Amino acid sequence: MSNAAERATQLDLVARLKSAYPELPDAPTPDLLDHDRFVAYLKPVHDVGGEPDAPIKYENKDYEYWEHMTYVICEVLAWRGIWLSEERRRIGNVDVGRAVYLGFPYYGRWLLSVARVLIEKHHIGLTELSERMAEVKERYADGLEGQTLEARPKSEGDGSQVKRNSHIVHAVGKGDPQVYAGKAGAPQFKVGDPVVVRELPVLFYTRTPEYVRGARGEIAAVAYESPAAEDETWDIPDAKPEWFYIVRFSMAELWDDFNGPATDSLRTEIPERWLQAG
Amino acid sequence: MTEHHHDHDHDRTVKPMVDEITDFEVLEIALRELCIEKGIFTAEEHRRFTEFAEQIGPTPAARLVARAWLDPDFKSLALAEPMTASKEVGVDWLEPTGFGTPSDFTAFQILEDTSTVHNVIVCALCSCYPRPILGNSPEWYRTPNYRRRLVRWPRQVLAEFGLYLSDDVEVRVQDSNQKHRFMVMPMRPEGTDGWTEEQLTEIITRDCLIGVALPKAGVTTNVITATRAAMHPAGD
């Protein structure tokens with residue numbers, strides 16, 4: 001049991017967590033929110049490329065047991081057709097919002113995405129999860145004291161009624177994106193073509209980074225066919241595959257303040273819907 | 001909460017008196033138990049993937065590059081059909097599911113450094129990385145800091161790894177943000193004439209394969225060696 005003072009302390013802590021423009025009040029009236037800030041609030045938070053930051057000390061880290069187990073659980077859920085990895089990326093890297101995105105450890109977001117997808121797809125109930133968490137916590141109420149962390153399932157379900165995606169059937173023996181080969185028709189662009197990245201409005205998800213949108217580049221490779229991330233992340237069953245391209249950008253053209261040699265370049269992969277002849 | 005929570009102060013800088021289970025550990029165990037009970041996956045499937053994940057690491061990638069340095073035909077194969085070449089160093093990209101490790105896909109490409117081109121990889125959106133052949137990515141590779149800055153200030157970031165490149169070398173950043181996974185094939189350094197594949201493999205570190213370091217005779221460790229310890233480490 002917590003006491004009233006502890007509850008108030010936790011509320012104070014939450015109140016100090018800010019993830020909004022300080023010049024605007026909370027829940028501003030529409031006239032206070034301009035287009036640039038609208039775009040900033042809706043920018044998928046995983047898209048950090050090019051944001052200013054200062055050097056830090058880069059470090060390795062030993063794996064926590066739960067981090068390793070979280071990676072495994074995520075991959076096994078994809079293996080068994082509960083989600084596509086692109087659903088995982090959206091749920092864990094974008095849907096979490098800016099505060100959790102920047103505030104949580106890397107695998108903490110992976111773990112949250114597991115809870116989220118299982119609840120959203122009705123595989124488990126939220127209260128059942130909360131009850132199980134309370135039970136696990138109680139098992140270790142006196143601390144680990146040398147005990148190992150272990151899952152103790154009470155039974156093993158047969159899984160025959162579990163709803164699974166069709167990807168795990170179609171992709172076996174082929175791989176992904178090979179499973180989509182031959183399904184996008186003729187590519188619109190060829191190597192060497194100049195292109196401009198379109199500036200489509202972005203809601204909820206994309207893997208076309210903001211820092212290349214509106215920029216001119218050149219097709220460096222016609223890569224493969226696949227549904228675009230905007231469709232795959234919702235597991236749209238009949239999403240039409242399209243061509244992906246590796247596009248080359250000159251760093252000096254891409255960045256306003258680039259002061260390196262003119263030959264420096266950046267390449268990234270972009271689906272056809274985001275490109276126009278330039 | 002139990003009574004022991006109330007007789008020490010809550011300052012986070014003070015080491016807890018008790019080795020408590022963390023919130024993440026509670027959630028992970030609860031989710032795994034419910035998944036197995038409902039047949040979402042079996043304990044055996046979870047165990048199989050765990051075993052697979054425990055044996056991946058950067059050695060096959062280093063061996064692939066060493067072999068390519070020694071054998072021009074293998075180098076051509078590695079650049080033209082990298083997943084075929086991967087099999088020759090023991091990595092089948094379709095394993096362990098029959099369609100690969102789901103988060104890594106099966107579209108692998110090797111980026112060849114030359115005397116005028118230096119490649120370096122990043123995933124500015126998450127941490128896309130060629131796990132099947134290089135193992136799990138290092139913590140720094142996943143930081144928002146590396147991802148924010150490498151695509152815009154690559155020479156400054158490389159300098160922080162101790163890698164200074166002259167202006168006549170094109171720095172080519174590969175932002176690996178969709179289904180392709182990339183690794184770098186650095187150039188063979190001086191001072192390695194007559195070396196065996198084993199000897200060469202030892203100097204091709206993970207950092208060289210990401211592109212933040214160059215292989216050097218006598219150097220067998222990554223640039224970044226500082227390692228933060230785990231509270232409850234995997235493998236214990």
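Owing to the predicted nature of the structure, the values given are computational and were not obtained by experimental measurement. In what follows, every chain begins at residue 1, and chains take the letters A, B, ... in the order their sequences are listed.
- For the 3.5 Å distance criterion, the side chains of B/Glu20 and A/Tyr140 fail to qualify, holding no donor opposite an acceptor.
- A/Lys57 touches chain B through its side chain: at least one heavy atom from C-beta onward sits under 4.5 Å away, while N, CA, C and O do not.
- Counted by atom type alone, A/Thr206 and A/Glu230 present one or more donor-acceptor pairs between their side chains at under 3.5 Å.
- In this structure, B/Phe41 has its ring center under 6.0 Å from that of B/His46.
- For the residue pair B/Ser103 / A/Arg88, a side-chain donor-acceptor distance below 3.5 Å is found, with atom types taken as modelled.
- Of the two parts of B/Thr143, only the side chain, counted from C-beta on, holds a non-hydrogen atom closer than 4.5 Å to a non-hydrogen atom of chain A.
- Within 6.0 Å of CG in B/Asp92 there are more than 12 heavy atoms belonging to other residues, nucleotides or ligands.
- Interface remark: of the candidates A/Glu145, A/Lys174, A/Glu128, A/Glu128 forms the most heavy-atom pairs closer than 4.5 Å to chain B.
- In this structure, chain B has no heavy atom under 4.5 Å from any part of A/Leu254.
- A/Lys154 touches chain B through backbone and side chain together, each having a heavy atom under 4.5 Å away.
- The most heavy-atom pairs under 4.5 Å with chain A, out of B/Glu54, B/Arg228, B/Gln178, come from B/Gln178.
- The part of A/Phe258 that comes within reach of chain B is its side chain, from C-beta onward, which places non-hydrogen atoms under 4.5 angstrom from that chain.
- Residue with the most contacts toward chain B among A/Leu144, A/Val172, A/Val114, A/Val162: A/Leu144 (heavy-atom pairs, distance under 4.5 Å).
- We find the CD-CZ distance between A/Gln178 and B/Phe99 to be 12.5 Å, quoted to the nearest 0.5 Å.
- Aromatic ring orientation, B/Tyr141 versus B/Tyr146: tilted (interplanar angle from 30° to 60°).
- For B/Arg47, no part lies near chain A; criterion is any non-hydrogen pair under 4.5 Å.
- Interface with chain A: from residues 117-125 of chain B, residues B/Cys123, B/Ala124, B/Leu125 qualify, criterion being any non-hydrogen pair under 4.5 Å.
- Interface residue A/Glu232: only side-chain heavy atoms are found under 4.5 Å from chain B.
- The candidate from B/Gln174, B/Arg142, B/Arg147 with the greatest count of non-hydrogen atom pairs under 4.5 Å with chain A is B/Arg142.
- When heavy atoms are compared at a cutoff of 4.5 Å, A/Arg89 approaches chain B solely by way of its side chain, counted from C-beta outward.
- If you check the side chains of B/Asp207 and B/Thr205, you find no donor sitting under 3.5 Å from an acceptor.
- Contacts between B/Thr225 and chain A at a heavy-atom distance below 4.5 Å involve the backbone alone (N, CA, C, O).
- Put simply, CG on A/Leu111 and CE on A/Met69 are 12.0 Å apart, with the number rounded to the nearest 0.5 Å.
- Comparing B/Glu28, B/Glu37, B/Glu139 by heavy-atom pairs within less than 4.5 Å of chain A, the highest count is held by B/Glu37.
- Taking A/Val136, A/Asp53, A/Thr9, A/Ile124 one by one and counting their heavy-atom pairs under 4.5 Å with chain B, the maximum is reached by A/Asp53.
- At a 4.5 Å heavy-atom cutoff, the contact between B/Leu94 and chain A is made by side-chain atoms alone.
- With sequence neighbours excluded, the residues that form a side-chain hydrogen bond (donor to acceptor under 3.5 Å, both in side chains) with B/Arg172 are B/Glu170.
- When ring centroids are compared, B/Trp140 and B/Phe161 come within the 6.0 Å threshold.
- Between chain B and the residues A/Lys61, A/Gln147, A/Glu67, the largest count of heavy-atom pairs under 4.5 Å involves A/Lys61.
- Remark: A/Asp176 CG to A/Glu86 CD distance equals 9.5 Å, nearest 0.5 Å.
- Each of A/Gln161, A/Glu51, A/Glu131, A/Glu75 has some count of heavy-atom pairs under 4.5 Å with chain B, and the biggest count is that of A/Glu75.
- Considering CD1 of A/Ile168 and OG1 of B/Thr97, their distance stands at 9.5 Å, rounded to 0.5 Å.
- Using a 4.5 Å cut-off between heavy atoms, A/Trp79 contacts chain B through both its backbone and its side chain.
- Considering only heavy atoms from C-beta on, B/Arg155 comes within 4.5 Å of A/Asp264 through its side chain.
- Checking side-chain atoms of A/Trp255 against main-chain N and O of A/Tyr211 turns up no donor-acceptor pair under 3.5 Å.
- Using a 4.5 Å cut-off between heavy atoms, A/Trp110 touches chain B through its side chain atoms alone.
- Aromatic ring centres of A/His46 and A/Tyr205: separated by under 6.0 Å.
- Your options are A/Asp257, A/Leu118, A/Asp47, A/Thr208, and the one with the most heavy-atom pairs under 4.5 Å with chain B is A/Asp257.
- Put simply, of B/Asp167, B/Leu27, B/Asp104, B/Val157, the one with the most heavy-atom pairs under 4.5 Å next to chain A is B/Leu27.
- For the set B/Asn136, B/Leu150, B/Ile21, B/Val171, the entry with the most heavy-atom pairs within less than 4.5 Å of chain A is B/Val171.
- The parts of A/Val48 that come within reach of chain B are both its backbone and its side chain, each placing non-hydrogen atoms under 4.5 angstrom from that chain.
- Note that CD1 of B/Ile204 and OG1 of B/Thr59 are 11.0 Å apart. Values are rounded to the nearest 0.5 Å.
- Contacts between A/Glu150 and chain B at a heavy-atom distance below 4.5 Å involve the backbone alone (N, CA, C, O).
- Judged by distance alone, the side chain of A/Glu87 and the main-chain N or O of A/Leu84 form a donor-acceptor pair under 3.5 Å.
- Taking the six-membered ring for Trp, B/Phe24 and A/Tyr107 have ring centres at least 6.0 Å apart.
- The line from OG1 of A/Thr268 to CZ of A/Arg248 is 14.0 Å long, rounded to the nearest 0.5 Å.
- For B/Arg32, the parts sitting under 4.5 Å from any heavy atom of chain A are the backbone and the side chain alike.
- Between chain A and the residues B/Ser137, B/Ala30, B/Ala229, B/Ala107, the most heavy-atom pairs under 4.5 angstrom are made by B/Ala30.
- Only the side chain of A/Asn93 comes within less than 4.5 Å of a heavy atom of chain B; its backbone N, CA, C and O stay farther away.
- A salt bridge is defined here as a Lys NZ or Arg NE, NH1 or NH2 lying under 4.0 Å from an Asp or Glu carboxylate O, and B/Glu160 with B/Arg149 meets this definition.
- Only the side chain of A/Met251 has a heavy atom closer than 4.5 Å to any heavy atom of chain B.
- Of the atoms belonging to A/Ile82, it is side-chain heavy atoms, and not backbone ones, that fall under 4.5 Å from chain B.
- Only the side chain of A/Tyr101 has a heavy atom closer than 4.5 Å to any heavy atom of chain B.
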